[in-house]
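Notes follow the structure.
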Amino acid sequence: FLTFSVRRGDKTTEQFSFISMQNYIEAAEKAMATHDYNFGDDGNGKMVPTVFVATDDCSVLPTLRTVRPEWRFISECDKQNEQEGF
């Protein structure tokens with residue numbers, strides 16, 4: 001696993017500039033190139049990273065999944081619903 005920690009929540013009230021999801025992807029690719037990660041197989045022999053995304057802003061997941069659709073992104077956001085949260 002790789003892990004992204006994306007905090008946004010209360011930062012919107014502080015006039016804070018968010019780091020783009022592309023920057024997270026590029027940092028992950030650099031780490032993968034310089035470390036010996038054991039990725040899962042996509043079923044076609046291609047190694048695919050699994051990334052756990054810890055975030056207080058679930059809107060980052062669709063962006064990440066669009067930027068790297070072949071990667072596996074998992075998060076507690078996948079379990080959320082409007083009535084109970086996550």
Side-chain angles (χ1 to χ4, degrees):
F1 281 94
L2 294 170
T3 303
F4 293 172
S5 178
V6 183
R7 181 171 174 242
R8 293 199 170 170
D10 61 343
K11 293 296 179 187
T12 58
T13 63
E14 298 176 13
Q15 305 300 320
F16 189 83
S17 296
F18 297 123
I19 296 171
S20 76
M21 293 298 97
Q22 184 62 40
N23 287 20
Y24 282 83
I25 296 293
E26 289 171 5
E29 289 174 334
K30 183 177 178 181
M32 291 185 299
T34 59
H35 294 80
D36 186 24
Y37 286 106
N38 184 14
F39 298 116
D41 188 310
D42 70 351
N44 296 314
K46 183 178 178 186
M47 300 308 275
V48 177
T50 299
V51 181
F52 178 78
V53 181
T55 185
D56 59 357
D57 180 0
C58 294
S59 71
V60 302
L61 268 295
T63 303
L64 290 167
R65 289 174 174 148
T66 298
V67 173
R68 286 294 181 276
E70 67 278 12
W71 290 17
R72 293 183 190 121
F73 293 98
I74 58 173
S75 174
E76 289 296 311
C77 292
D78 296 328
K79 299 177 183 178
Q80 100 175 37
N81 66 53
E82 289 186 26
Q83 278 75 35
E84 299 176 22
F86 55 128

How long is the straight-line distance from [atom2] of [Y] back to [atom1] of [X], given to the nearest 0.5 Å?
X	Y	atom1	atom2	value
I19	R7	CD1	CZ	12.5 Å
Q22	E29	CD	CD	7.0 Å
F4	I25	CZ	CD1	4.5 Å
W71	L2	CH2	CG	7.0 Å

Inset, instruction - For residues I74 and T50, determine if any side-chain heavy atom of one lies less than 4.5 Å from a side-chain heavy atom of the other. - result: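 SC-SC contact between I74 and T50 confirmed.
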Legend entry - Non-hydrogen side-chain atoms of C77 and V53 separated by less than 4.5 Å: no
Legend entry - Set of residues satisfying salt bridge (charged side-chain N to carboxylate O under 4.0 Å, His left out) with respect to E26, sequence neighbours excluded: none
Inset, instruction - Not counting sequence neighbours, which residues clear side chain to side chain donor-acceptor pair (under 3.5 Å) with S5? List them please. - result: none
Legend entry - Sidechain-backbone polar pair: S75 side chain, D78 backbone, donor-acceptor under 3.5 Å: no
Legend entry - Residue pair V6, D57: steps toward the side chain to side chain contact (heavy atoms under 4.5 Å, CB included) verdict: CA-CA 8 Å; V6 183; D57 180 0; 5.8 Å; no
Inset, instruction - Search all heavy atoms of R72 against all heavy atoms of V48 and return the closest pair with its distance. - result: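 The answer is N-CG1, 3.9 Å.
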